[in-house]
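Here's the structure, in structure tokens; my notes come after.
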Amino acid sequence: MTSLKNKIDQTIVNVPNFPSEGIQYKDITPLFLDADLSREIVSEFAKQAQGKVDLVCGIESRGFLYGVQIAHELNVPFVLIRKAGKLPPPTVGISYDLEYGSATIELNPNYIPKGARVMIHDDILATGGTAEACAKLIEKCGATINQFSFIAKLDFLKGEDKLTRFTTDIISLTKF
């Protein structure tokens with residue numbers, strides 16, 4: 001029987017030199033072509049989060065794809081974390097640095113109950129900057145980060161190092 005990790009590894013497509021020269025892009029979109037594999041992915045994330053989280057936050061936009069399904073499986077709310085200007089007020093935001101520039105993300109603070117235990121979900125953990133900014137934003141709303149979940153992490157970029165101050169419960173179903 002093929003493990004979930006092996007199924008994911010065989011399905012994700014490496015796209016060389018995208019979006020720029022020297023980058024090896026990990027294309028997760030083929031995962032969505034296999035309904036059984038997608039259900040297995042959601043089930044595994046939900047199993048590892050059961051009893052640990054009160055809500056799931058997904059990072060725009062690929063974190064929405066499985067994030068909302070994980071929340072439904074856990075029977076907890078799903079909260080969107082979006083790029084600045086994409087949500088109606090009220091919003092709170094945080095700006096953070098990227099490799100080449102900066103970005104701002106926002107959420108509606110009314111959707112984050114004080115003291116809530118939160119899972120932050122995204123597709124790939126690379127440098128960890130966006131997930132770290134999300135965690136700071138959620139803490140600013142009075143909640144705690146109980147878990148991060150990613151389909152894959154790029155170990156060589158050491159993004160996990162930025163996240164362990166929030167929680168050591170960091171799930172990735174595969175790594176590169």
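We find the CG-CD1 distance between L4 and I41 to be 6.0 Å, quoted to the nearest 0.5 Å. Taken from CD1 in I105 to CG in L107, the straight-line distance is 7.5 Å, to the nearest 0.5 Å. How far CG of L173 is from OH of Y66: 9.5 Å, rounded to the nearest 0.5 Å. Residue C134 holds its SG atom at 4.0 Å from CD1 of I81, rounded to the nearest 0.5 Å. In this structure, I171 CD1 and K47 NZ are separated by 10.0 Å, a value rounded to the nearest 0.5 Å. Taking OG1 of T91 as the reference point, atom NZ of K86 lies at 13.5 Å (rounded to 0.5 Å).
No chain of hydrophobic side-chain contacts below 4.5 Å, direct or via other Ile, Leu, Val, Met, Phe, Trp or Tyr residues, connects F45 to F166. Under the 4.5 Å side-chain heavy-atom criterion for Ile, Leu, Val, Met, Phe, Trp and Tyr, L55 and L137 are members of the same hydrophobic cluster. Under a hydrophobic clustering in which Ile, Leu, Val, Met, Phe, Trp and Tyr are joined whenever their side-chain heavy atoms come within less than 4.5 Å, directly or via other members, I59 and F32 fall into different clusters. In this structure, I138 is not a member of the same hydrophobic cluster as V76, with clusters built from ILVMFWY side-chain heavy atoms closer than 4.5 Å. No continuous path of ILVMFWY side-chain contacts below 4.5 Å connects L125 to I28, so the two sit in separate hydrophobic clusters.
Residues M119 and A49 come closest through the heavy atom pair CE-CB, 3.4 Å. Closest approach of G128 to L163, counting heavy atoms only: O-CD2, 3.9 Å. Considering every non-hydrogen atom in both S95 and T104, the closest pair reads OG-OG1, 2.6 Å. For A46 against E73, the heavy-atom pair with the smallest separation is CB-CG, 3.3 Å.
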* To do: Verify ring pair (Phe, Tyr, Trp, His ring centres under 6.0 Å) between F78 and Y111, making sure each step is shown before the conclusion.
  => CA-CA 9 Å; F78 179 76; Y111 299 158; over 10 Å; no
*Chi angles and distances behind the side chain to side chain contact (heavy atoms under 4.5 Å, CB included) call for L80, F64*: CA-CA 7 Å; L80 304 169; F64 299 169; 3.6 Å; yes
What's the verdict on salt bridge (Lys or Arg N to Asp or Glu O under 4.0 Å) for R82 and E106, showing C-alpha distance, side-chain angles and the deciding distance?
CA-CA 5 Å; R82 302 221 45 203; E106 297 177 330; over 6 Å; no
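Within a 6.0 Å radius of NZ in K83, other residues, nucleotides and ligands contribute 12 heavy atoms or fewer. Under a cut-off of 6.0 angstrom, the local environment of CG in N14 is crowded, with over 12 non-hydrogen atoms contributed by other residues, nucleotides or ligands.
Checked for salt-bridge contact, K136 and E139 miss the test: no charged N lies under 4.0 Å from a carboxylate O. Ion pairing between K7 and E40 holds under the 4.0 Å rule for side-chain N and carboxylate O.
Defined by atom type and a distance below 3.5 Å, a donor-acceptor pair is missing between the side-chain atoms of S102 and Y96.
The side-chain contact (heavy atoms from CB on, under 4.5 Å) test with L31 is passed by exactly one of L65, L37, D123: L37.
Side chains of V53 and V118 form no contact here, defined as non-hydrogen atoms less than 4.5 Å apart. Between D54 and P113, the closest side-chain pair of non-hydrogen atoms is not below 4.5 Å. Side-chain contact between D36 and R39: present, with at least one pair of heavy atoms (C-beta onward) separated by less than 4.5 Å. Contact annotation: the side chain of V56 never approaches that of V68 to less than 4.5 Å [non-hydrogen atoms, C-beta and beyond]. Between I12 and P30, every side-chain heavy-atom pair lies at or beyond the 4.5 Å cut-off. When side chains are defined from C-beta on, C57 counts as touching I112, because their heavy atoms get closer than 4.5 Å. Between N108 and P90, some side-chain heavy-atom pair lies under the 4.5 Å cut-off.
In terms of modelled atom types and a separation under 3.5 Å, the side chain of S3 and the main chain of N6 share a donor-acceptor contact. Remark: the backbone N or O of I124 is not paired with any side-chain donor or acceptor of R62 at under 3.5 angstrom.
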Hey, can you pull the donor-acceptor pairs under 3.5 Å for the side chains in residues 143-159, sequence neighbours left out?
residue : atom : partner : partner atom : Å
T144    : OG1  : A116    : O            : 3.4
N146    : ND2  : K52     : O            : 2.9
Q147    : NE2  : Q48     : O            : 3.0
Q147    : NE2  : D169    : OD1          : 3.3
Q147    : NE2  : D169    : OD2          : 3.1
S149    : OG   : H121    : ND1          : 2.7
K153    : NZ   : E160    : OE1          : 2.5

